[in-house]
Amino acid sequence: MPFTAFQFHQQGQKCFLSAYHFSIGFQSQTSLSTTSMAGAFSEWRKLPIGLSEICINTTLRCGQSFRWQHIPESEEWRCVLYGKLLSLKQDSSNIYYRDYRSPASASLLTPPISEIPSRAQSEGEPTDNNANVDHSHDDHVLRIIKHYLNLSLDLSNLYTQWSAQDPNFKKKAAQFTGIRILRQDAWEALVSFICSSNNNISRISQMVEKLCLHYGPFVAKVGERAYHDFPTPEALAGKDVESNLRSLGFGYRARYIYQTAVMVSQEREAGWLNSLCNPESPAFGVEAMSGDEMKPEGRQGYRDAHEKLLDLQGVGPKVSDCVCLMGLGWGESVPVDTHGKSLKVPVK
């Protein structure tokens, strides 16, 4: 894994300090940020959730995902997910979120900061067409955020269970509270962890950024920064991709990325990668279904997914497990790198 328990410890301490500074300065910030003539951010909306359930300052930079941009002056995080540029920040009680709007949609301003009304509350209330469009858009953005941050799990309860079963975990849990496994796009997770081979978080992030800038669809420009979504397998399967990636500093990983893109886009059925997802934790927009019976060695679906990923270029056991855990939703997957193996001790 490209992160360590010590890094978790450091980032966990920063999380609470960042949240404190944010809670002091948040009210002084404007609710609508006009970034350029091309569009604007919506107003901030809030999702009530505490730091014990998720700390985004730790979760987004601990080595799971490599595309989130931290904006230090405003203590927010930005990333393009499913074609939308999203921005997040957090205090001790809420996650605040907004999305970048094109000129056509930017005029449909969202309500002031408040809890998003439930569907039951919204039904029967008189609304105009613009409001209906706006609420539909807001609901979609909220679904993306809840899915990506994997907010359906009760993390506080899990921490309590783990602490009861593991004295060492109980001793250290307070130092890295709120760390949650993300539900990332499987293809992005696959390519990102191919890049992780013999690498560190900073350099992996630079590589992923280059992939997006050179091959991903453009979404928005905020100030001087252009934001792109993650490139598709088809975009990375072009004939000049390998040589271009080598010139961009990817080294031997350039061939792995190109060959895997060819295999996924041309040699596998459409949707093959997402078909390897845990049915209880499927890709965004897919309805969850019941899965296999859990066994000591993991569910059959996990074992099948792990083996099939090994057929791809640049994918060894550790990368396969990273993708299974963070891209395919198999919670029993435990990625172990050479550093982790060196810590193993015989069971007496």
Side-chain angles (χ1 to χ4, degrees), residues 31-45 47 56 59-61 64-89 95-110 133-149 182-192 195 204-238 241 244-245 248 257 261 265 273-274 283-285 326-327:
S31 59
L32 179 66
S33 173
T34 303
T35 55
S36 71
M37 295 302 293
F41 276 108
S42 68
E43 294 191 7
W44 289 103
R45 289 148 281 168
L47 174 62
I56 62 173
T59 299
L60 298 182
R61 65 170 142 206
Q64 297 186 62
S65 177
F66 305 96
R67 282 200 296 132
W68 286 90
Q69 180 203 14
H70 185 227
I71 313 295
E73 57 270 21
S74 56
E75 281 301 322
E76 63 185 289
W77 294 84
R78 292 178 186 167
C79 185
V80 175
L81 298 177
Y82 303 101
K84 297 186 180 300
L85 173 57
L86 305 179
S87 186
L88 305 178
K89 56 170 63 175
I95 286 178
Y96 298 85
Y97 64 97
R98 60 180 180 171
D99 65 293
Y100 189 83
R101 307 291 181 90
S102 65
S105 60
S107 61
L108 302 176
L109 300 182
T110 57
V133 171
D134 200 30
H135 281 297
S136 176
H137 178 93
D138 291 347
D139 287 346
H140 181 64
V141 170
L142 185 57
R143 284 194 295 271
I144 290 175
I145 292 171
K146 285 184 173 181
H147 173 90
Y148 184 86
L149 297 180
L182 302 170
R183 292 177 66 178
Q184 298 182 69
D185 173 74
W187 170 245
E188 178 178 347
L190 172 59
V191 175
S192 296
C195 292
I204 300 166
S205 299
Q206 292 172 15
M207 288 182 171
V208 171
E209 176 72 2
K210 289 176 182 178
L211 287 173
C212 294
L213 289 176
H214 288 269
Y215 296 100
F218 172 80
V219 173
K221 186 173 183 181
V222 181
E224 297 301 314
R225 183 183 178 94
Y227 290 87
H228 296 246
D229 209 339
F230 197 80
T232 63
E234 292 76 14
L236 294 177
V241 167
N244 287 342
L245 292 183
L248 291 171
I257 293 170
S265 64
L273 189 56
N274 282 336
F284 179 66
M326 293 170 241

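Here the structure is a predicted model, which means the values were calculated and not measured.
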### Non-hydrogen atoms of L85 and F41 that approach each other most closely
CD2-CZ, 4.0 Å

### Query
Can we say D139 and K146 salt-bridge, meaning some charged N sits less than 4.0 Å from an Asp/Glu carboxylate O?
no

### Task
State which residues pass side chain to side chain donor-acceptor pair (under 3.5 Å) with E209; sequence neighbours excluded, sorted by chain then number.
R225

### Summary
L236 and V241 have their tightest heavy-atom pair at O-CG1, 3.4 Å

### Query
Measuring from L190:CG to I257:CD1, what's the distance to the nearest 0.5 Å?
9.5 Å

#### Entry: From F218 atom CZ to Y227 atom OH, the distance as rounded to the nearest 0.5 Å
11.0 Å

### Task
Would you indicate whether the side-chain heavy atoms of F66 and V191 approach each other to under 4.5 Å?
no

### Task
May I ask you to check whether H70 and E76 show a side-chain donor-acceptor distance below 3.5 Å?
no

### Task
Identify the heavy atoms of L211 and C195 that sit nearest to each other, and give their distance.
CD1-SG, 4.4 Å

### Message
To the closest 0.5 Å, what do you measure between CG (L81) and CZ (R67)?
### Response
6.0 Å

### Query
Under a 4.5 Å cut-off applied to non-hydrogen side-chain atoms, are R45 and L142 in contact?
no

### Query
Side-chain contact, heavy-atom cut-off 4.5 Å: Y100 with V219?
no

#### Entry: CA sep, side-chain torsions, deciding dist, call: W77, R61, side chain to side chain contact (heavy atoms under 4.5 Å, CB included)
CA-CA 10 Å; W77 294 84; R61 65 170 142 206; 3.9 Å; yes

### Task
Would you name the heavy atoms of W68 and L86 that are closest together and state the gap between them?
CZ3-O, 4.4 Å

## Note on the structure
Distance col, row H137:NE2 vs S42:OG, nearest 0.5 angstrom, shows 6.5 Å

### Task
Could you pull out all residues at least two apart from H140 that satisfy side chain to side chain contact (heavy atoms under 4.5 Å, CB included)?
K84, R143, I144, F284

### Query
Can you list the residues that meet the side chain to side chain donor-acceptor pair (under 3.5 Å) rule with S265, with sequence neighbours excluded?
none

## Note on the structure
Between the CG atom in L47 and the CG atom in L88, the distance rounded to the nearest 0.5 Å is 9.5 Å

## Note on the structure
side chain to side chain contact (heavy atoms under 4.5 Å, CB included) filter on N274, not counting sequence neighbours, yields A186, C277, A283

### Query
Under the side chain to side chain contact (heavy atoms under 4.5 Å, CB included) criterion, do R78 and Q69 qualify, and how do the steps go?
CA-CA 5 Å; R78 292 178 186 167; Q69 180 203 14; 4.3 Å; yes

### Query
Can you tell me if Q64 uses its side chain to pair, donor with acceptor, with the backbone of Q184 under 3.5 Å?
no

### Message
Is the shortest side-chain heavy-atom distance between S87 and W44 below 4.5 Å?
### Response
yes

### Test item: L182 and L60 side chains (from C-beta on) under 4.5 Å apart, heavy atoms
yes

### Residue list, side chain to side chain donor-acceptor pair (under 3.5 Å) with W187, at least two apart or on another chain
none

### Query
Is Y97 close to D138 at the side-chain level, that is, under 4.5 Å between some pair of heavy atoms?
no

### Query
Is there a donor-acceptor contact under 3.5 Å from the side chain of D229 to the main chain of G83?
yes

### Message
So which atom in H228 and which in G216 form the shortest heavy-atom distance, rounded to 0.1 Å?
### Response
ND1-O, 2.9 Å

### Task
Output all residues satisfying side chain to side chain donor-acceptor pair (under 3.5 Å) with S65, sequence neighbours left out; order by chain, then residue number.
Y148

